[in-house]
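Below, chain A is the first sequence line, B the second, and so on; all start at residue 1. These numbers come from a predicted model, not from an experiment.
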Amino acid sequence: MALKFHNTLTRSLVPFTPLTAGKVHLYTCGPTVYNRVHIGNLRTFVWEDVLCRALRYLGFETVQVMNLTDIDDKTIRGAIQEGITLKEFTARHVETFFEDLATLNVSPAAHYPRATDHIPEMVEIVKKLTERGHTYESDGSIWFRIASFPSYGKLARVDLSSMQRGARVADDEYEKEDVRDFAVWKGWKEGEPESATWTTELGKGRPGWHLECSAMSMKYLGETLDIHTGAVDNIFPHHENEIAQSEGATGKEFVRYWLHAEHLIVDGEKMAKSKGNFFTVPDLLSRGHSPRAIRYLFLSVPYRQKLNFTFESLAAAASAVARLESLDLRLGERARSTGASAIEDGVEAKISSFQNEFREGLEDDLNTAAALGALFSFVREANADLESGQLSPAGAAAFQRALRGADSVLGVLPKAEAGLLDSEIQAKIDLRQAARKRRDFAAADAIRDELAALGITLEDTPAGVRWRRKS
RNA sequence: GGCGACGUACCCAAGUGGCUAAGGGAAGGCUCUGCAAAAGCCUGAUUCGCCGGUUCGAAUCCGGCCGUCGCCUCCA
């Protein structure tokens with residue numbers, strides 16, 4: 001089986017081949033930095049991370065670009081409200097955004113361009129659009145004339161006949177030729193702060209929404225991208241308008257594969273601050289939930305399905321992650337023990353059948369649920385071999401490599417070993433072992449409880465005491 | 001109103017015409033254990049929202065109904 005993706009452009013599953021063999025250029029729509037991102041946003045960002053990791057696992061090189069939209073109505077409003085400059089306002093939210101990505105173990109993209117650093121590039125696009133007759137001026141702003149772009153609507157499949165030419169929308173302060181025309185350059189208006197205003201060949205004002213994505217994606221990835229992603233709400237108007245602007249300016253196909261993630265909902269409802277079901281990563285961490293469980297929960301539902309976030313499923317995810325972590329620990333122990341050095345035949349067969357199934361899951365439009373199914377069948381087999389006592393250290397090491405290979409896509413195992421054994425912890429463990437030896441179980445349990453309170457879990461195993469930190 | 005998605009066990013979820021309907025979690029039993037923890041084994045949908053239809057055969061295709069949800073200009 002070969003890699004396939006669901007392309008929003010055709011609404012069908014299609015084989016994927018990048019423009020340049022072996023190398024994928026992808027643009028993953030990033031945040032507008034006006035608040036702390038919520039778990040719904042992060043579902044999309046984690047999916048985009050897994051997409052990139054999966055592409056690399058499948059042997060592609062990736063160049064990922066994620067924009068930071070730091071100029072729009074919401075960021076301006078926020079800056080005005082707080083009485084600070086636009087840059088000061090957005091810098092805060094950029095910072096917490098990267099914090100949340102790091103918490104959820106998202107691998108960094110190659111570039112995180114900011115809209116405000118690319119004003120000249122945006123101006124260039126507007127000029128090109130104007131040369132090609134795609135724009136007009138009205139009320140000091142420059143608009144994209146949809147009537148000049150016949151294939152407008154091809155992504156969102158909007159019905160153009162519902163457009164009313166020459167209509168003026170009651171609550172719209174601009175005079176447009178067509179209600180669906182959109183601004184590529186917004187003329188300065190009374191009250192807009194200096195920090196959010198640029199004086200360019202186009203006049204005094206600021207770029208329209210959508211334009212930053214066209215400018216920055218093409219700057220870093222070329223005029224035709226392999227993949228462009230976002231959540232479903234971006235299909236219209238954002239991505240539709242990006243196509244119009246970009247293709248209008250270059251005359252070339254803008255994006256070959258459009259991928260869109262479904263939304264996350266909470267308890268079956270759209271997340272909303274007013275409903276009290278609105279969560280951020282710090283919210284969940286303060287309730288004692290693990291970032292790795294959050295990440296696992298996101299992966300357990302394929303990206304084109306709505307993900308119903310509940311605390312029950314978050315707890316289930318935590319258990320599943322703990323099981324993976326436990327296997328990794330046990331395999332590591334066995335791998336370091338002494339014994340036969342050759343890998344037994346059965347081990348290789350189990351690994352390759354697991355890897356095939358895992359890969360097939362990923363290749364099937366990033367079906368992470370199917371991939372996880374394959375992983376846990378493998379977990380069962382590895383545990384059974386471990387339990388039998390027959391698994392060689394080399395076999396255990398091979399199993400562990402396979403497990404960690406899969407985790408290079410999933411990213412739910414703990415980061416590399418936490419350095420040296422904490423000598424204090426080891427001293428407590430030794431004390432407890434002494435107490436157990438003299439059958440003073442009350443003292444032994446007291447020590448275990450004491451460590452548990454510090455987030456250290458002990459497990460007595462035939463091979464000795466195993467301990468780990470609660471993540 | 002227009003467009004679209006979804007409805008599989010207690011919860012999450014794979015599965016898109018044909019082997020015994022993946023996998024995870026929770027639950028119960030057993031093994032191991034001082035007790036825990038971890039791990040293993042076993043148990044668990046004659047059934048895929050409901051009703052019809054097509055077919056030798058459908059969770060999978062078609063029609064209707066019921067239910068849930070989303071988008072329709074700045075929400076990922």
Spacing between [X] atom [atom1] and [N] atom [atom2], to the nearest angstrom:
X	N	atom1	atom2	answer
Y27(A)	rA76(B)	OH	C1'	14 Å
L299(A)	rG23(B)	CG	C1'	14 Å
I265(A)	rA5(B)	CD1	C1'	11 Å
L307(A)	rU68(B)	CG	P	21 Å
I447(A)	rC35(B)	CD1	P	19 Å

Selection from [options] that lies nearest to any side-chain heavy atom of [X]:
X	options	value
R448(A)	rG34(B), rA39(B), rA36(B)	rA36(B)
P237(A)	rU73(B), rC11(B), rA38(B)	rU73(B)
E387(A)	rA39(B), rG15(B), rA38(B)	rA39(B)
D73(A)	rG34(B), rC74(B), rA39(B)	rC74(B)
K306(A)	rA38(B), rG34(B), rG4(B)	rG4(B)
M271(A)	rA76(B), rG25(B), rA37(B)	rA76(B)
W209(A)	rA14(B), rC74(B), rC12(B)	rC74(B)
A370(A)	rG34(B), rA37(B), rA14(B)	rA14(B)

Does [N] have OP1 or OP2 under 4.0 Å away from a side-chain N or O of [X]?
X	N	value
N367(A)	rG15(B)	yes
R380(A)	rC41(B)	yes
R323(A)	rG24(B)	yes
S388(A)	rG40(B)	no
R304(A)	rC6(B)	no
K270(A)	rC71(B)	yes

Using the [atom1] atom in both, what is the distance from [N] to [M], to the nearest Å?
N	M	atom1	answer
rC42(B)	rU47(B)	P	24 Å
rA76(B)	rC61(B)	C1'	34 Å
rA21(B)	rA13(B)	C1'	13 Å
rC32(B)	rA39(B)	C1'	9 Å
rG49(B)	rC69(B)	C1'	15 Å
rG44(B)	rC72(B)	P	47 Å
rG53(B)	rA58(B)	C1'	12 Å
rG17(B)	rG2(B)	P	31 Å

Contact class for [X] (heavy atom, under 4.0 Å): base, sugar-phosphate, or nothing?
X	result
A320(A)	sugar-phosphate
R43(A)	nothing
F376(A)	sugar-phosphate
P302(A)	sugar-phosphate
T461(A)	nothing
L42(A)	nothing
K74(A)	sugar-phosphate
L297(A)	nothing
Q305(A)	sugar-phosphate
H260(A)	nothing
R432(A)	base
S313(A)	nothing
D445(A)	base

> For the side chain to side chain donor-acceptor pair (under 3.5 Å) test, which of D283(A), D100(A), N41(A), T280(A) pairs with R36(A)?
Replying inline: D100(A)
Suppose we define a pair by two distances each less than 3.5 Å, Watson-Crick or G-U wobble; what does [N] pair with here?
N	answer
rC74(B)	none
rU68(B)	rA5(B)
rC19(B)	none
rU47(B)	none
rC41(B)	rG29(B)
rU54(B)	none
rG34(B)	none

>> If you assign L327(A) and E357(A) each to the RNA chain B nucleotide with the nearest heavy atom, which residue ends up on the more 5' nucleotide?
In response: E357(A)
> Start at the 5' end of RNA chain B and walk down; is the nucleotide closest to E312(A) or to N35(A) reached first?
Replying inline: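 That would be E312(A).
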> Parallel under 30°, tilted from 30 to 60°, perpendicular over 60°: which one fits the rings of F149(A) and H134(A)?
Replying inline: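 The arrangement is perpendicular - the two ring planes meet at more than 60°.
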>> Using the rule salt bridge (Lys or Arg N to Asp or Glu O under 4.0 Å), only one of R404(A), R466(A), R334(A), R323(A) pairs with D328(A); which is it?
In response: R404(A)
> Above 12 or not: heavy atoms from other molecules or residues under 6.0 Å from NZ of K154(A)?
Replying inline: yes
> CZ of R438(A): more than 12 outside heavy atoms within 6.0 angstrom?
Replying inline: yes
>> Could you walk me through whether T69(A) and E212(A) satisfy the side-chain hydrogen bond (donor to acceptor under 3.5 Å, both in side chains) test, starting with their C-alpha distance in whole Å, then the side-chain angles of each, then the deciding distance to 0.1 Å, before giving a yes or no?
In response: CA-CA 7 Å; T69(A) 295; E212(A) 79 283 14; 2.8 Å; yes
> Is there a donor and acceptor pair closer than 3.5 Å between the side chain of D460(A) and the base of rC35(B)?
Replying inline: yes
> Taking the six-membered ring for Trp, are F97(A) and H93(A) ring centroids under 6.0 Å apart?
Replying inline: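 Ring centroids of F97(A) and H93(A) are no less than 6.0 Å from each other.
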>> Going by side-chain contact (heavy atoms from CB on, under 4.5 Å), V301(A) matches just one of K306(A), E262(A), R43(A). Which one?
In response: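 It is R43(A), the one option of K306(A), E262(A), R43(A) that forms the side-chain contact (heavy atoms from CB on, under 4.5 Å) with V301(A).
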> Between atom NZ of K4(A) and atom CZ of F16(A), what is the distance when rounded to the nearest 0.5 Å?
Replying inline: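 Here the interatomic distance stands at 14.5 Å.
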>> Does either side chain, that of H263(A) or that of D233(A), offer a donor lying less than 3.5 Å from an acceptor on the other one?
In response: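 Yes, a side-chain donor-acceptor pair sits under 3.5 Å.
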